[in-house]
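First comes the structure, then the notes that go with it.
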Amino acid sequence: MPELPEVETVRRHLEATIPGRTIRSVRLSGKRLRAPVSRGLDRRLRGRTFVAVRRHGKYLLADLDGGLTLISHLGMSGRWLFMKRPPAKLPPHVHARIAFTQSGELWFQDPRRFGLLELVNTGAVSRSPGLSQLGPDPIASPPTGESLRAIGCRARTPIKTFLLDQKRIAGIGNIYASEILHRAGVDPRRRAMALSAADWKAIAGETSAVLEEAIARMGTTFSAYRTLWNEPGSYGSQLLVYDRGGEPCRRCGTPIRRVVQAQRSTFFCPACQKRRK
DNA sequence: ATCCTATCCTGTAGGC
DNA sequence: TGCCTACAGGATAGGA
(Lines give C-alpha, C1' and ligand atoms only; values in the text may rest on other atoms or scores of the structure.)
Protein backbone atom coordinates (compact mmCIF):
# COMPACT_ATOMS: atom_id res chain seq x y z
CA MET A 1 0.00 0.00 0.00
CA PRO A 2 1.93 2.98 1.17
CA GLU A 3 4.59 4.12 -1.24
CA LEU A 4 6.70 7.25 -1.07
CA PRO A 5 3.84 9.78 -1.59
CA GLU A 6 1.69 8.19 1.11
CA VAL A 7 4.61 7.95 3.53
CA GLU A 8 5.64 11.55 2.81
CA THR A 9 2.06 12.68 3.51
CA VAL A 10 2.13 10.92 6.87
CA ARG A 11 5.57 12.42 7.56
CA ARG A 12 4.33 15.95 6.95
CA HIS A 13 1.38 15.43 9.23
CA LEU A 14 3.56 13.90 11.94
CA GLU A 15 6.04 16.77 11.58
CA ALA A 16 3.18 19.21 12.16
CA THR A 17 1.90 17.30 15.16
CA ILE A 18 4.39 15.48 17.35
CA PRO A 19 7.57 17.60 17.74
CA GLY A 20 7.49 19.08 21.23
CA ARG A 21 5.23 16.35 22.55
CA THR A 22 6.56 14.26 25.41
CA ILE A 23 5.76 10.58 25.78
CA ARG A 24 3.92 9.67 28.95
CA SER A 25 3.44 5.99 28.24
CA VAL A 26 3.67 3.39 25.48
CA ARG A 27 1.51 0.31 25.27
CA LEU A 28 2.40 -2.47 22.84
CA SER A 29 0.22 -5.30 21.55
CA GLY A 30 3.08 -7.74 22.01
CA LYS A 31 2.48 -9.09 18.51
CA ARG A 32 5.39 -9.56 16.19
CA LEU A 33 5.41 -7.30 13.11
CA ARG A 34 7.75 -7.92 10.13
CA ALA A 35 10.41 -8.24 12.81
CA PRO A 36 9.95 -8.25 16.57
CA VAL A 37 9.37 -4.75 17.98
CA SER A 38 12.61 -3.57 19.63
CA ARG A 39 12.96 -4.95 23.14
CA GLY A 40 12.23 -2.38 25.81
CA LEU A 41 10.90 0.10 23.24
CA ASP A 42 8.05 1.12 25.55
CA ARG A 43 10.36 1.66 28.55
CA ARG A 44 13.03 3.49 26.55
CA LEU A 45 10.53 5.87 24.93
CA ARG A 46 8.93 6.97 28.20
CA GLY A 47 9.79 10.58 29.04
CA ARG A 48 11.35 11.30 25.64
CA THR A 49 10.21 14.23 23.48
CA PHE A 50 9.82 14.10 19.70
CA VAL A 51 12.08 16.55 17.88
CA ALA A 52 11.61 16.00 14.12
CA VAL A 53 10.31 13.51 11.57
CA ARG A 54 12.37 12.48 8.56
CA ARG A 55 11.83 10.00 5.73
CA HIS A 56 14.02 7.88 3.48
CA GLY A 57 12.11 6.00 0.80
CA LYS A 58 9.21 4.29 2.59
CA TYR A 59 10.86 4.48 6.02
CA LEU A 60 9.83 7.08 8.60
CA LEU A 61 12.43 8.31 11.08
CA ALA A 62 11.06 10.07 14.16
CA ASP A 63 13.88 11.68 16.14
CA LEU A 64 13.59 12.15 19.90
CA ASP A 65 15.72 13.91 22.46
CA GLY A 66 18.32 11.75 24.14
CA GLY A 67 19.69 10.68 20.75
CA LEU A 68 16.97 8.16 19.92
CA THR A 69 15.15 7.56 16.63
CA LEU A 70 11.95 5.61 16.19
CA ILE A 71 12.11 3.91 12.80
CA SER A 72 8.82 2.78 11.27
CA HIS A 73 7.68 1.20 8.03
CA LEU A 74 4.01 0.83 7.09
CA GLY A 75 4.43 -2.37 5.08
CA MET A 76 1.22 -3.15 3.18
CA SER A 77 -1.42 -2.12 5.68
CA GLY A 78 0.22 -0.02 8.39
CA ARG A 79 -1.00 3.41 9.51
CA TRP A 80 0.00 6.04 11.99
CA LEU A 81 -3.09 7.68 13.46
CA PHE A 82 -3.23 10.66 15.77
CA MET A 83 -6.17 10.44 18.16
CA LYS A 84 -7.00 13.76 19.79
CA ARG A 85 -9.46 12.01 22.07
CA PRO A 86 -8.85 8.26 22.01
CA PRO A 87 -12.10 6.29 21.86
CA ALA A 88 -12.94 4.00 24.78
CA LYS A 89 -13.12 0.96 22.52
CA LEU A 90 -9.80 0.04 20.95
CA PRO A 91 -10.08 -0.89 17.26
CA PRO A 92 -8.35 -4.10 16.13
CA HIS A 93 -4.70 -4.41 15.13
CA VAL A 94 -3.36 -1.44 17.09
CA HIS A 95 0.18 -2.55 17.94
CA ALA A 96 1.49 0.59 19.63
CA ARG A 97 -0.28 3.34 21.58
CA ILE A 98 1.92 6.30 22.43
CA ALA A 99 0.26 8.63 24.95
CA PHE A 100 1.57 12.16 25.43
CA THR A 101 1.82 14.22 28.60
CA GLN A 102 0.21 17.13 26.70
CA SER A 103 -2.83 15.37 25.15
CA GLY A 104 -3.69 12.89 22.47
CA GLU A 105 -2.32 9.52 21.46
CA LEU A 106 -0.36 8.28 18.46
CA TRP A 107 -1.39 4.81 17.26
CA PHE A 108 0.35 2.36 14.98
CA GLN A 109 -2.26 0.10 13.40
CA ASP A 110 -1.35 -2.71 11.01
CA PRO A 111 -3.72 -5.63 10.23
CA ARG A 112 -1.29 -7.62 8.12
CA ARG A 113 1.70 -6.96 10.37
CA PHE A 114 4.19 -6.47 7.54
CA GLY A 115 5.16 -3.15 9.12
CA LEU A 116 8.11 -2.36 11.33
CA LEU A 117 8.78 -0.51 14.57
CA GLU A 118 12.37 -0.18 15.69
CA LEU A 119 14.10 2.06 18.22
CA VAL A 120 17.76 2.86 17.54
CA ASN A 121 20.36 5.44 18.42
CA THR A 122 20.05 8.35 15.97
CA GLY A 123 23.65 7.91 14.87
CA ALA A 124 23.00 4.28 13.98
CA VAL A 125 19.95 4.85 11.77
CA SER A 126 21.79 4.33 8.50
CA ARG A 127 23.23 1.04 9.76
CA SER A 128 19.83 -0.35 10.63
CA PRO A 129 18.77 -3.38 8.58
CA GLY A 130 16.57 -2.30 5.69
CA LEU A 131 17.89 1.24 5.72
CA SER A 132 21.53 0.28 5.27
CA GLN A 133 20.95 -1.02 1.75
CA LEU A 134 18.55 1.71 0.62
CA GLY A 135 19.20 3.59 -2.60
CA PRO A 136 18.82 7.37 -2.99
CA ASP A 137 15.48 8.99 -2.18
CA PRO A 138 14.00 10.48 -5.38
CA ILE A 139 12.57 13.53 -3.59
CA ALA A 140 15.73 14.41 -1.66
CA SER A 141 17.91 13.62 -4.71
CA PRO A 142 15.84 13.88 -7.88
CA PRO A 143 17.05 11.33 -10.42
CA THR A 144 18.41 12.36 -13.80
CA GLY A 145 18.53 10.33 -16.97
CA GLU A 146 22.26 9.95 -16.44
CA SER A 147 22.04 8.94 -12.78
CA LEU A 148 19.45 6.28 -13.54
CA ARG A 149 21.33 4.99 -16.56
CA ALA A 150 24.47 4.66 -14.45
CA ILE A 151 22.77 2.27 -12.03
CA GLY A 152 20.58 0.53 -14.61
CA CYS A 153 22.64 0.10 -17.73
CA ARG A 154 23.93 -3.35 -16.69
CA ALA A 155 20.72 -4.64 -15.06
CA ARG A 156 19.14 -7.53 -16.91
CA THR A 157 15.93 -7.23 -14.93
CA PRO A 158 12.78 -5.73 -16.51
CA ILE A 159 12.50 -1.97 -15.98
CA LYS A 160 9.31 -2.38 -13.90
CA THR A 161 11.08 -4.72 -11.47
CA PHE A 162 14.10 -2.41 -11.51
CA LEU A 163 11.99 0.53 -10.33
CA LEU A 164 10.61 -1.55 -7.45
CA ASP A 165 14.10 -2.41 -6.16
CA GLN A 166 14.60 -0.25 -3.06
CA LYS A 167 18.36 -0.77 -3.22
CA ARG A 168 18.43 1.14 -6.51
CA ILE A 169 15.88 3.88 -5.85
CA ALA A 170 14.03 4.10 -2.55
CA GLY A 171 10.31 4.71 -2.41
CA ILE A 172 8.69 3.58 -5.66
CA GLY A 173 6.10 0.83 -5.22
CA ASN A 174 3.74 -1.12 -7.43
CA ILE A 175 1.28 1.66 -8.24
CA TYR A 176 3.73 4.38 -9.15
CA ALA A 177 6.07 2.05 -11.08
CA SER A 178 3.26 1.37 -13.56
CA GLU A 179 2.24 5.03 -13.66
CA ILE A 180 5.79 6.29 -14.25
CA LEU A 181 6.42 3.87 -17.10
CA HIS A 182 3.13 4.71 -18.78
CA ARG A 183 3.85 8.42 -18.70
CA ALA A 184 7.39 7.78 -19.91
CA GLY A 185 6.07 5.64 -22.77
CA VAL A 186 8.26 2.68 -21.86
CA ASP A 187 7.16 -0.97 -22.02
CA PRO A 188 7.52 -2.39 -18.47
CA ARG A 189 8.80 -5.71 -19.83
CA ARG A 190 11.93 -4.28 -21.44
CA ARG A 191 15.20 -5.06 -19.72
CA ALA A 192 16.76 -2.07 -18.01
CA MET A 193 20.04 -2.57 -19.85
CA ALA A 194 18.25 -2.26 -23.20
CA LEU A 195 16.87 1.22 -22.57
CA SER A 196 18.10 4.26 -24.49
CA ALA A 197 19.34 7.50 -22.95
CA ALA A 198 16.05 9.07 -24.01
CA ASP A 199 14.10 6.34 -22.20
CA TRP A 200 16.08 6.91 -18.99
CA LYS A 201 15.59 10.66 -19.25
CA ALA A 202 11.83 10.21 -19.62
CA ILE A 203 11.69 7.80 -16.69
CA ALA A 204 13.71 10.16 -14.48
CA GLY A 205 11.48 13.13 -15.32
CA GLU A 206 8.23 11.22 -14.84
CA THR A 207 9.46 9.72 -11.56
CA SER A 208 9.78 13.21 -10.10
CA ALA A 209 6.57 14.44 -11.69
CA VAL A 210 4.37 11.52 -10.63
CA LEU A 211 5.70 11.45 -7.07
CA GLU A 212 5.32 15.22 -6.63
CA GLU A 213 1.79 15.22 -8.03
CA ALA A 214 0.81 12.31 -5.82
CA ILE A 215 2.24 14.03 -2.74
CA ALA A 216 0.23 17.13 -3.61
CA ARG A 217 -2.89 14.95 -3.50
CA MET A 218 -1.86 13.19 -0.29
CA GLY A 219 -1.27 9.90 -2.05
CA THR A 220 -3.49 7.13 -3.41
CA THR A 221 -6.14 5.33 -1.36
CA PHE A 222 -7.65 2.04 -2.49
CA SER A 223 -8.91 0.82 0.82
CA ALA A 224 -6.51 0.77 3.71
CA TYR A 225 -4.28 3.80 3.41
CA ARG A 226 -5.20 6.82 5.48
CA THR A 227 -3.35 9.95 6.46
CA LEU A 228 -2.52 10.70 10.09
CA TRP A 229 -5.98 12.28 10.28
CA ASN A 230 -7.64 9.13 8.95
CA GLU A 231 -8.38 10.76 5.59
CA PRO A 232 -7.99 9.06 2.20
CA GLY A 233 -5.59 10.35 -0.47
CA SER A 234 -7.04 11.54 -3.75
CA TYR A 235 -4.42 10.60 -6.34
CA GLY A 236 -6.46 7.50 -7.23
CA SER A 237 -8.58 9.57 -9.63
CA GLN A 238 -5.39 10.54 -11.52
CA LEU A 239 -4.16 6.99 -12.14
CA LEU A 240 -3.70 6.31 -15.83
CA VAL A 241 -3.11 2.56 -15.80
CA TYR A 242 -2.90 1.03 -12.31
CA ASP A 243 -5.81 -1.34 -11.58
CA ARG A 244 -7.39 -0.45 -14.94
CA GLY A 245 -6.92 -3.77 -16.73
CA GLY A 246 -9.28 -4.03 -19.73
CA GLU A 247 -10.35 -0.41 -19.46
CA PRO A 248 -9.50 2.05 -22.26
CA CYS A 249 -6.22 3.96 -22.08
CA ARG A 250 -7.05 7.55 -21.20
CA ARG A 251 -4.67 8.74 -23.92
CA CYS A 252 -5.41 6.47 -26.89
CA GLY A 253 -8.36 4.23 -25.96
CA THR A 254 -6.48 0.95 -26.33
CA PRO A 255 -7.46 -1.55 -23.59
CA ILE A 256 -4.99 -1.50 -20.68
CA ARG A 257 -3.16 -4.81 -20.24
CA ARG A 258 -2.32 -6.54 -16.97
CA VAL A 259 0.71 -8.81 -16.75
CA VAL A 260 2.50 -10.36 -13.77
CA GLN A 261 6.16 -9.58 -13.16
CA ALA A 262 8.01 -10.89 -10.10
CA GLN A 263 4.63 -11.91 -8.56
CA ARG A 264 3.25 -8.40 -8.85
CA SER A 265 0.63 -6.97 -11.21
CA THR A 266 1.87 -4.55 -13.84
CA PHE A 267 -0.50 -2.41 -15.90
CA PHE A 268 0.40 -0.75 -19.19
CA CYS A 269 -0.97 0.46 -22.51
CA PRO A 270 0.37 -1.74 -25.32
CA ALA A 271 -0.01 1.14 -27.79
CA CYS A 272 1.49 4.02 -25.79
CA GLN A 273 4.26 1.85 -24.37
CA LYS A 274 5.89 0.19 -27.36
CA ARG A 275 8.76 -2.25 -27.00
CA ARG A 276 10.98 -0.13 -29.24
CA LYS A 277 11.46 3.56 -28.95
C1' DA B 1 26.54 -11.27 -8.19
C1' DT B 2 21.74 -11.46 -9.94
C1' DC B 3 17.31 -12.82 -10.36
C1' DC B 4 13.13 -15.40 -9.17
C1' DT B 5 10.11 -17.90 -5.75
C1' DA B 6 7.82 -18.61 -1.65
C1' DT B 7 6.54 -16.65 2.63
C1' DC B 8 5.04 -13.67 6.45
C1' DC B 9 -0.47 -11.95 7.79
C1' DT B 10 -5.41 -10.35 7.54
C1' DG B 11 -9.19 -8.44 4.95
C1' DT B 12 -12.02 -8.22 1.01
C1' DA B 13 -14.08 -9.13 -3.46
C1' DG B 14 -15.98 -12.31 -6.55
C1' DG B 15 -17.74 -16.97 -8.04
C1' DC B 16 -20.84 -20.50 -6.89
C1' DT C 1 -26.31 -16.16 3.56
C1' DG C 2 -22.05 -18.72 3.50
C1' DC C 3 -18.08 -21.10 1.79
C1' DC C 4 -14.17 -21.03 -1.05
C1' DT C 5 -10.40 -19.02 -3.71
C1' DA C 6 -7.59 -15.31 -5.41
C1' DC C 7 -5.53 -11.24 -4.57
C1' DA C 8 -3.78 -6.89 -2.23
C1' DG C 9 -0.02 -0.78 -1.99
C1' DG C 10 6.12 -4.65 0.79
C1' DA C 11 10.34 -6.84 2.01
C1' DT C 12 13.32 -10.71 2.43
C1' DA C 13 15.42 -15.43 3.11
C1' DG C 14 16.61 -19.02 0.25
C1' DG C 15 17.63 -21.40 -4.00
C1' DA C 16 18.90 -21.52 -8.93
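In what follows, every chain begins at residue 1, and chains take the letters A, B, ... in the order their sequences are listed. Note that these values count all heavy atoms, side chains included, but never hydrogens, waters or copies made by symmetry. These numbers were taken from a predicted model, which means no experiment stands behind them.
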Return a single string for nucleotides 11-16 of chain C, one symbol per nucleotide in 5' to 3' order, where B is base contact, S is sugar-phosphate-only contact and - is none, cutoff 4.0 angstrom on heavy atoms. SS----

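- Look at A/T157 and you'll find a side-chain N or O under 4.0 angstrom from OP1 or OP2 of B/dC4.
- Pairing for C/dA8 is with B/dT10, a Watson-Crick or G-U wobble pair whose two hydrogen-bonding atom distances lie under 3.5 Å.
- Among the nucleotides B/dG11, C/dG10, C/dA8, the one closest to any side-chain atom of A/S265 is C/dA8.
- Listed by chain and number, the residues in a ring pair (Phe, Tyr, Trp, His ring centres under 6.0 Å) with A/H73 are A/Y59 (sequence neighbours excluded).
- A donor N or O paired with an acceptor N or O is found under 3.5 Å between the base of B/dC9 and the side-chain atoms of A/R112.
- No engagement by A/Y176 is indicated, since no non-hydrogen atom pair under 4.0 Å with the nucleic acid exists.
- Using a 4.0 Å heavy-atom cutoff across all strands shown, A/R156 reaches sugar-phosphate atoms only and no base atom.
- At B/dC3, one or more side-chain N or O atoms of A/R168 fall inside 4.0 Å of OP1 or OP2 (strictly under the cut-off).
- Contact annotation: A/T161 side-chain N/O to B/dC3 OP1/OP2 distance is not under 4.0 Å.
- Closest approach to the A/R258 side chain among B/dT10, B/dC4, C/dC7 is made by C/dC7 (side chain taken as heavy atoms from C-beta onward).
- For B/dG11, the OP1/OP2 oxygens have a side-chain nitrogen or oxygen of A/H93 closer than 4.0 Å.
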